[in-house]
Number of protein chains: 2
Amino acid sequence: MASLKDVALKAGVSPATVSRVINKSFLVEQQTKQKVIKAMEELGYSPNIMAQNLSKKENFLIGVIIQDICNPYFAGILKALENEIYDLGYNIIFLHSDSNLFKEKNCIKSIMKMRPDGIIITPIEWNSENILKLKNIDIPVVILTKIFEEFNGVAINHKEGGAQIARHFYDLGYDKIAYLGNNNDKFQGFQEELQFLNKKLYSYLEISLDKYDFKMAKFLVKEAIENYIKNNKELKFNAIFAENDILALELISVLKEFGKKVPEDIAVAGFDNSFFSEHFGITTVSQPINEISKLAVKILIDNIKNRNKVLERIELTPRLLPRNSTMILK
Amino acid sequence: MASLKDVALKAGVSPATVSRVINKSFLVEQQTKQKVIKAMEELGYSPNIMAQNLSKKENFLIGVIIQDICNPYFAGILKALENEIYDLGYNIIFLHSDSNLFKEKNCIKSIMKMRPDGIIITPIEWNSENILKLKNIDIPVVILTKIFEEFNGVAINHKEGGAQIARHFYDLGYDKIAYLGNNNDKFQGFQEELQFLNKKLYSYLEISLDKYDFKMAKFLVKEAIENYIKNNKELKFNAIFAENDILALELISVLKEFGKKVPEDIAVAGFDNSFFSEHFGITTVSQPINEISKLAVKILIDNIKNRNKVLERIELTPRLLPRNSTMILK
DNA sequence: GTGAAAGCGCTAACAA
DNA sequence: TTGTTAGCGCTTTCAC
C-alpha cells in the first residue's frame, strides 16, 4: 500500500508538502496541490490513520461502548450518537460489551489502547469494577442511561419511570402488582410509589443480572414464571411491570402459553418504548433517545475541548405511553 | 498517558525489554518480567495500538461494515461475527453505513485508513461504485448477504427464498399475489416461481431503494399502500410478500388501519426471521445468521493467512417458516 | 537474556 | 510556498 513518501516521490515534492495537501491544503499552491492529488489518485493512496494519530495530539476518535446491540433500544442510541459525532468531525470506535462484564472489561482495555479523545459508555452494572477503573483515566467519559456520582452522565430518571408505571397500575385499579427484572432504580421508584399509594408489591420475579442477555430473554422469563408457579401454585398477580420491553414482549407470550389473557387476566407494562412495543400495544415508558445522545455528545465534546470542567449529570423526564397491554380499549 | 519508554525507565530496563514482555514474554527472564509488569501497573500503562500497528505488518484488525444496525437481522450478524472474530484473536472495527450510499463510501474510506487485515461488508446495493472500489484493494474482502461475481461471499440463495414464498402462497390457494419492496433477487425468484406455477404477479408495490431506511419503514409502507389505493381504488390482492420482516410488520399494521384482516383478507409474508416475527406470527424465510457469519470469518481468515486463494462464494439454503400471517390456525 | 539503533508513516516546528 | 529534520510510541533486527 502506497505511503505518503511514495506520493511525494511520484509528485516530485517533499513529504511535508504532501502532508500539507492532506491537512492544510490552503497552505499549498494550487499547482503543486494538483500534482500531489494526481499522484495520490494514481497510487490509490489513503493516509494511514495509525501514523497520523501517532503524530497528532488530538485524533478525533471517540470510543463508544454499547451494552447490547441486538436490543433495538441500544441500537437506536448508537445510531443517534453516530449522527451527532460525525457531524462534529469525529470518528467513532464502537465496541460491544454484549451485556457481559468480562467483555466490557476488554472493551475498555481495547478502547484505551486506541487513545480516543473521549469515551461514551452504556455500562452493564452500577458501580462495577470496570466503571470504577474509568475514574482514573485522563480521558473525558460520559455515562449513558445511568447516573453515577463521579461521572458525567445523561439518563432519564429511572425512578420516576418506575413510579409512572406504579401510578398507572394504581389508577387502573390493579391490586396485585408484580415486578419482573433486576433490583434497579426503575424497581426502586416503582416500589416507593406503590408504598406512597399505600399498596404493597405483590410479587417480585427476579431475573438475575449476570445471566441477562437479550437472546436469553425468552428462557429467563419462562424460568422466572415457572419458578413463581412452583412456589405459588398459580399466577396470582394481575399486573406486572417488566423492566424492559423485550422482557415484556417475551412475558406476554409466556403468559399466553399459560392460558392467561393480556390485559384481561394480567396487565403487562414494559420500559424503553422499543420500536416493536407500539405494534404489540405494550404499555411502556419512552426514553428520549435522540435528546440523550445529543446531550451526551455535547457534554463529551465540551470536556474534550475544555478540560477540568465540572461534571455534568443530566436527568431527563421519561414519559408513560399507555397501550393495550394494560388497558382494554373500547 | 505513560509510554513504553516511561515503563522502561521505571523498571530500569530498555524499551526493547518492555516490548518483549508485551509481545513475547517467554523470551524474558521471570525476574525482569516481574519488574516490568510492576512498573506497568504502577503507571497504569496501556500500549498505544496506533504505534504498535505502525511497526507490525499484521495488526489483527478486521473491518466490518454493516448496513443497518437498527435492523435486528443485521445486529444479529454483527454479534455473530464478533464472537467468531474475537475467538481468533482479531479485533473488530465496526462501521455503520446506515443504508446510505454516501455514508457507505465514507465507511470504506475510513476503514482503509485503519489498514485492517480484512474487511467484511453487508453492501447496500448490488454493484454500486462503492463495492467496485473494493475490487482494487490488496486487502481480502468478504461480502455478506449478497453474492457478487468477483468477490468472496456468503449468502443464502435469495431467489430460492423468494420462490419458497411463492410456492407457499400457491399451495394455500391465494390467487392475487403482490410484492412490496425493491426489485431484487428475492423478487426475481418470487416472480419466476409464480410464472413456473402459471401464476402472474398481481401487483408490484415498489419501495424505492435510495429512500429506504429502517426508521422510515412505516412511512414508506403507508405511502406505497396509499399510492396503490389511489391507482386501484381498493386493495385488491389477497396475499403479499414484503421483502423483509420490518416491512411486513409495518405492512400488517397499515393493512389493519385500512380495515383489512391478516390473513383472512390479506396474507402477509416477510423475510429474515427477525426476532419479532415469531411473536407476531409473521410467515417468513429464515437466514442462518450464525452459519453465514462463521463461514464469512473462516473465508476471510483463510484469505488473510494465505493470499492468492481462489474466490469462495457460498450460497446457503433458506428455510420457509409458515406462521399465522398467511395461514389461519385452527 | 538484554540493549542500541533503525524504522514504521505521518506531522510539526523551523529554516529557507 | 516549500523542504529539512526531529519525533510520535512502538517493534525488530543485530550485537553483545
Side-chain angles (χ1 to χ4, degrees), chain A residues 1-37 39-40 43-61 91 109-117 138-139, chain B residues 1-37 39-40 43-61 91 109-117 138-139:
Chain A
M1 173 130 273
S3 76
L4 179 143
K5 221 171 161 181
D6 299 328
V7 176
L9 224 63
K10 180 140 195 160
V13 298
S14 76
T17 299
V18 178
S19 173
R20 280 187 203 103
V21 172
I22 296 171
N23 302 291
K24 318 169 162 176
S25 69
F26 55 92
L27 285 179
V28 29
E29 209 187 0
Q30 271 301 326
Q31 205 181 344
T32 13
K33 184 152 80 181
Q34 291 312 323
K35 274 196 306 191
V36 172
I37 289 174
M40 294 208 276
L43 291 170
Y45 173 71
S46 143
N48 181 327
I49 209 172
M50 306 283 177
Q52 283 185 314
N53 290 346
L54 202 56
S55 41
K56 291 187 186 175
K57 34 331 24 39
E58 206 182 1
N59 55 23
F60 291 94
L61 225 52
N91 281 301
K109 228 187 249 173
S110 298
I111 220 103
M112 292 306 295
K113 287 191 184 175
M114 311 212 67
R115 303 288 190 271
D117 300 320
D138 54 352
I139 298 172
Chain B
M1 173 131 274
S3 77
L4 179 142
K5 220 169 159 184
D6 300 327
V7 176
L9 224 63
K10 179 141 197 162
V13 298
S14 76
T17 299
V18 178
S19 174
R20 281 189 200 102
V21 171
I22 296 170
N23 300 290
K24 317 172 163 171
S25 69
F26 56 92
L27 284 180
V28 30
E29 212 187 357
Q30 270 301 326
Q31 207 181 343
T32 12
K33 183 153 80 181
Q34 289 313 322
K35 275 196 303 189
V36 172
I37 290 175
M40 293 207 277
L43 292 170
Y45 173 71
S46 145
N48 181 328
I49 210 173
M50 306 283 178
Q52 283 185 314
N53 290 347
L54 202 56
S55 41
K56 291 186 186 174
K57 29 340 14 37
E58 205 182 2
N59 56 21
F60 290 95
L61 225 51
N91 281 301
K109 229 188 248 173
S110 299
I111 218 102
M112 292 306 293
K113 287 191 185 175
M114 312 213 66
R115 303 287 190 270
D117 299 321
D138 54 351
I139 298 172

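Below, read A as the first sequence line, B as the second, and so on, with proteins coming before strands; counting in each chain starts at 1.
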Interatomic distance, A:L9 CG vs C:dC10 C1' [rounded to whole Å] = 16 Å

Nearest-Å distance, CG (A:L54) to P (D:dT11)?
-> 12 Å

Would you say A:L4 and A:P47 make side-chain contact, with heavy atoms under 4.5 Å?
-> no

OP1 or OP2 of C:dG3 sitting under 4.0 Å from any side-chain N/O of B:T17?
-> yes

Heavy-atom side-chain proximity of A:F60 to A:N53 below 4.5 angstrom = no

Under 4.0 Å: is that the gap between some side-chain N or O of A:T32 and OP1 or OP2 of D:dT2?
-> yes

Table please: side-chain donor-acceptor pairs of residues 6-13 of chain A below 3.5 Å, with sequence neighbours left out.
from  : atom 1 : to    : atom 2 : distance (Å)
A:D6  : OD2    : A:S3  : N      : 2.8
A:D6  : OD2    : A:S3  : OG     : 3.4
A:K10 : NZ     : A:E42 : OE1    : 3.4

Any A:K33 side-chain N or O less than 4.0 Å from OP1/OP2 of D:dT1 | no

Is A:I111 close to A:M114 at the side-chain level, that is, under 4.5 Å between some pair of heavy atoms?
-> no

Please figure out whether B:A51 or B:V13 has its closest DNA chain C nucleotide nearer the 5' end.
-> B:V13

Within this structure, what is the CD1-to-C1' distance between A:I49 and D:dC8, rounded to whole angstrom?
-> 15 Å

Compare every heavy atom of B:I139 with every heavy atom of B:P116, then report the nearest pair and how far apart it is.
-> O-CD1, 3.5 Å

Report the nucleotide, chosen from D:dT12, C:dC10, C:dC8, that has the shortest atom-to-atom distance to any side-chain atom of B:K56.
-> D:dT12

Under 4.0 Å from any atom of DNA chain D, heavy atoms only: list the residues of residues 18-28 of chain B that qualify, in numerical order.
-> B:S19, B:R20, B:N23, B:K24

Could you please name the option among C:dT2, D:dG3, D:dC10 that lies closest to any side-chain atom of B:E29?
-> C:dT2

Would you check if A:R115 and B:M50 make a side-chain contact, meaning some heavy-atom pair closer than 4.5 Å?
-> no

Between B:S14 and A:N48, whichever has its closest DNA chain C nucleotide further toward 5' is B:S14

How do B:A16 and A:P15 order along DNA chain D: which one's closest nucleotide is nearer the 5' end?
-> A:P15

Between D:dT12 atom P and B:Q52 atom CD, what is the distance in whole Å?
-> 10 Å

Could you tell me whether a side-chain N or O of A:S55 sits under 3.5 Å from a main-chain N or O of A:A51, the two making a donor and an acceptor?
-> yes

